[in-house]
Amino acid sequence: MKIVTVVGARPQFIKAAAMSRVLRRGHTEILVHTGQHYDPMMSDVFFQELSIPKPDYNLGIAGGTHAEMTARMLTAVDEVLVRETPDAVLVYGDTNSTLAAALAAVKRHIPILHVEAGNRLHTLLNPEEVNRVLTDHMASMLFACVPSAMDELRKENLIDHAWLVGDPMFDAFQFYRGSGKAEKPTEIITLDGETEPMPDRYCYLTCHREENTKDEQSLWQVLKAMEQLDMNTYYPVHPRNRETVIRLREQMKLQKVKLLPPLGYLQSIAMVSHAEQVVTDSGGVQREAYFAQVPCVTIFDYAAWPETMRGGCNRLARPDTQDIADKLMERPVFDQADNPFGDGHACEKIVGIMDREL
Ligand code: UD1
Ligand code: UDP
């Protein structure tokens with residue numbers, strides 16, 4: 001079969017790395033990069049480090065409002081579909097690239113395969129919710145990472161074309177952590193280009209969501225909480241809020257919060273795996289903390305990945321210094337025997353189901 005895969009944002013490159021390896025064993029994959037993430041450390045580094053095949057198309061579309069970005073992607077992906085006439089379109093997660101690709105495909109009557117289906121926050125205030133709901137309702141095959149996502153698909157009467165396969169992010173985590181290339185670094189290069197030795201104990205922070213970055217006060221509260229800890233915090237800064245974070249660092253005279261440029265995936269999972277605590281608003285990083293059995297505090301109002309909350313392994317906090325400090329004090333219990341994210345072979349399962357059902 002000929003499959004057009006559409007990616008555009010950092011976490012989608014990681015999922016595509018795990019998936020393409022399996023998919024290309026028996027199928028032709030045409031890889032389309034919308035261009036949504038474009039800085040070398042937000043895009044190229046993943047293709048190089050993870051040996052992702054070079055995209056067949058780079059649409060070069062980024063920035064602007066949600067409407068502008070999605071509209072431009074819709075037109076550009078449609079042109080690719082007309083030219084390639086694929087048997088199916090494969091999309092991941094819930095970004096604007098996901099929605100645009102799904103809309104283009106459904107209008108051309110091309111089956112959509114949605115990986116990471118069924119996640120719900122039940123609020124349209126979250127900019128990604130509409131992307132994930134609409135994509136699920138347009139898709140022909142829904143691949144859920146976790147049991148709670150299957151429950152949501154059941155409630156929306158989508159269960160008859162949904163499969164619980166596990167999480168391709170866990171596939172990637174297992175594969176690359178086992179590769180020996182994601183060891184704890186002995187030193188780290190900061191955003192200012194300075195090389196510093198890595199301490200034994202540290203916190204890993206990522207914070208980039210629209211909900212937490214559109215208001216400077218939220219970031220201020222988060223940074224204050226981290227500065228009060230008795231260890232350094234390492235914070236790779238997403239380009240969305242780079243200028244604000246640098247300004248806050250000066251205003252707040254931060255000493256223990258060390259800003260980093262965006263990291264490659266191997267370094268990011270190494271930083272997660274060896275951290276004493278993770279504080280994040282990232283869907284990917286909160287799962288990786290769980291995979292690595294590192295306690296996590298997620299700065300968000302919603303449990304986007306309910307399975308990570310078991311045993312208090314992942315706790316929600318408001319963007320509030322005291323609330324984050326309180327949540328960091330709690331001690332979770334990890335259940336080693338039960339991994340709700342699968343067995344590290346989600347991608348094989350997806351391709352097997354595709355072969356059988358498509
Ligand atoms: C997007 C996804 C979000 C996902 C995140 C992963 C949507 C609606 N949101 O959010 O679900 O968690 O990716 O990281 O699709 N920018 C750069 N350089 C880059 C990339 C972005 O400067 O390489 C700038 C853009 O120009 C824009 C801002 O960062 O001004 C936000 O980028 P955008 O892709 O709109 O949203 P993300 O916050 O990255
Ligand atoms: N990540 C990375 N470099 C960084 C920060 C995160 O490689 O500087 C990885 C992280 O380990 C995870 C993924 O990017 O695998 C998560 O992406 P992101 O937080 O951008 O998006 P989300 O998962 O929230 O959609």
Side-chain angles (χ1 to χ4, degrees), residues 6-18 33-47 49-50 60-70 72-73 91-101 116 119 121 126-132 135 145 167-173 175-177 182 188-189 191 204-214 234-244 259-273 275 278 280-292 294 296 298-300 304-305 308:
V6 181
V7 294
R10 172 165 71 185
Q12 295 170 327
F13 307 142
I14 298 160
K15 292 158 203 170
H33 185 333
T34 60
Q36 181 170 349
H37 287 175
Y38 51 89
D39 288 347
M41 287 306 289
M42 294 293 289
S43 177
D44 297 354
V45 65
F46 296 93
F47 285 80
E49 262 190 358
L50 309 182
I61 300 167
T65 63
H66 284 276
E68 284 162 351
M69 188 196 293
T70 313
R72 291 171 63 213
M73 288 173 182
V91 292
Y92 299 97
D94 54 18
T95 70
N96 290 343
S97 298
T98 313
L99 176 64
E116 219 176 80
N119 293 54
L121 303 184
N126 171 253
E128 289 85 20
E129 181 81 353
V130 68
N131 297 348
R132 53 179 92 90
T135 302
C145 299
D167 186 356
M169 284 296 267
F170 182 58
D171 291 18
F173 185 85
F175 183 85
Y176 291 105
R177 204 162 74 137
I188 195 136
I189 301 171
L191 192 59
Y204 186 54
L205 168 70
T206 78
C207 188
H208 72 276
R209 284 202 172 277
E210 192 168 301
E211 289 90 330
N212 287 330
T213 55
K214 64 177 190 279
Y234 293 92
Y235 176 14
V237 185
H238 188 291
R240 171 192 275 283
N241 54 344
R242 188 188 292 130
E243 280 175 30
T244 312
L259 305 187
L260 308 177
L263 303 178
Y265 174 71
L266 299 175
Q267 202 178 358
S268 184
I269 59 170
M271 290 295 282
V272 170
S273 302
V278 167
T280 190
D281 60 5
S282 157
V285 173
Q286 65 186 275
R287 270 130 82 205
E288 286 161 356
Y290 186 86
F291 303 157
V294 172
C296 181
T298 296
I299 307 159
F300 207 45
W305 292 93
T308 62

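None of the values given here were measured: they were computed from a predicted structure. Order of appearance sets the numbers: ligands from 1, and atoms from 1 within every ligand.
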Record the part of M42 in heavy-atom contact with ligand 1 below 4.0 Å; permitted values are side chain, backbone, both and neither. side chain
Min heavy-atom dist E210 to ligand 1 below 4.0 Å: no
Nearest heavy atom to atom 8 (O) of ligand 2 wins, so pick from L266, L263, V272. L263
If we only consider heavy atoms of E128, is any one of them less than 4.0 Å away from an atom in ligand 2? no
Residue pair V7 / S97, side-chain heavy-atom distance below 4.5 Å: no
At less than 4.0 angstrom from any non-hydrogen atom of H238, what atoms of ligand 1 do you find? 14 (O), 37 (P), 38 (O), 39 (O)
Taking atom 4 (C) of ligand 2 as the reference point, the nearest protein heavy atom with its distance: R10 NH1, 3.3 Å
Could you tell me the residue and atom name of the protein heavy atom closest to atom 16 (N) of ligand 1, and the distance to it rounded to 0.1 Å? Y38 OH, 3.6 Å
Any N/O of N96 closer than 3.5 Å to an N/O of ligand 1? yes
For ligand 2, does S282 get within less than 4.0 Å through its side chain, its backbone, both, or neither, judged by non-hydrogen atoms? both
When you measure from atom 18 (N) of ligand 1 to the protein, is at least one non-hydrogen atom found at a distance under 4.0 Å? yes
Considering only protein heavy atoms, which is closest to atom 36 (O) of ligand 1, and at what distance to one decimal place? R240 NH2, 3.5 Å
Do ligand 1 and S97 have nitrogen or oxygen atoms that lie under 3.5 Å from each other? no
With backbone taken as N, CA, C and O and side chain as the heavy atoms from C-beta onward, which portion of H208 lies under 4.0 Å from ligand 2: side chain, backbone, both, or neither? side chain
In this structure, does ligand 1 have an atom that sits under 4.0 Å from one of the heavy atoms of R242? no
Quick one: salt bridge (Lys or Arg N to Asp or Glu O under 4.0 Å) pairs with a partner in residues 37-47, sequence neighbours left out? D39-R242
Closest protein heavy atom to atom 15 (O) of ligand 2, given as residue, atom name and distance to 0.1 Å: E288 OE2, 2.4 Å
By number and element, which atoms of ligand 1 are closer than 4.0 Å to a non-hydrogen atom of M69? 35 (O)
Students should be able to answer this: which protein heavy-atom is nearest to atom 24 (O) of ligand 2, and at what distance? G283 N, 3.0 Å
Would you say F173 contacts ligand 2, with heavy atoms under 4.0 Å as the rule? no
Considering A9, G284, S268, P11 one by one, which has a heavy atom nearer to atom 21 (O) of ligand 2 than any of the others? P11
With atom 6 (C) of ligand 1 as the reference point, say which of P127, P239, P11, G8 has the nearest heavy atom. P11
Please work out which of Q36, E128, Q12, R209 has its closest non-hydrogen atom nearest to atom 3 (C) of ligand 1. E128
Proximal atoms of ligand 1 relative to H66 (non-hydrogen, under 4.0 Å): 8 (C)
Do N96 and H66 have a side chain donor and acceptor closer than 3.5 Å? yes
List the residues meeting side-chain hydrogen bond (donor to acceptor under 3.5 Å, both in side chains) with Y38, not counting sequence neighbours, and say none if there are none. none
For T280, which part has a heavy atom under 4.0 Å from ligand 2: side chain, backbone, both, or neither? neither
Would a search of protein heavy atoms around atom 27 (C) of ligand 1 find one under 4.0 Å away? no
Using a 4.0 Å heavy-atom threshold (strictly under), name the region of H37 that reaches ligand 1: side chain, backbone, both or neither. both
Distance-only donor-acceptor check, side chains T98 and E128, under 3.5 Å: no
Run the salt-bridge test on E288 and R177 with the 4.0 Å N-O cut-off and return the result as yes or no. no
T280-Y204 side chain donor-acceptor pair, cut-off 3.5 Å: no
Is there a heavy atom of M169 sitting under 4.0 angstrom from any atom of ligand 2? yes
Would you confirm whether Y265, through its side chain, and E49, through its main-chain N or O, come within 3.5 Å as a donor-acceptor pair? no
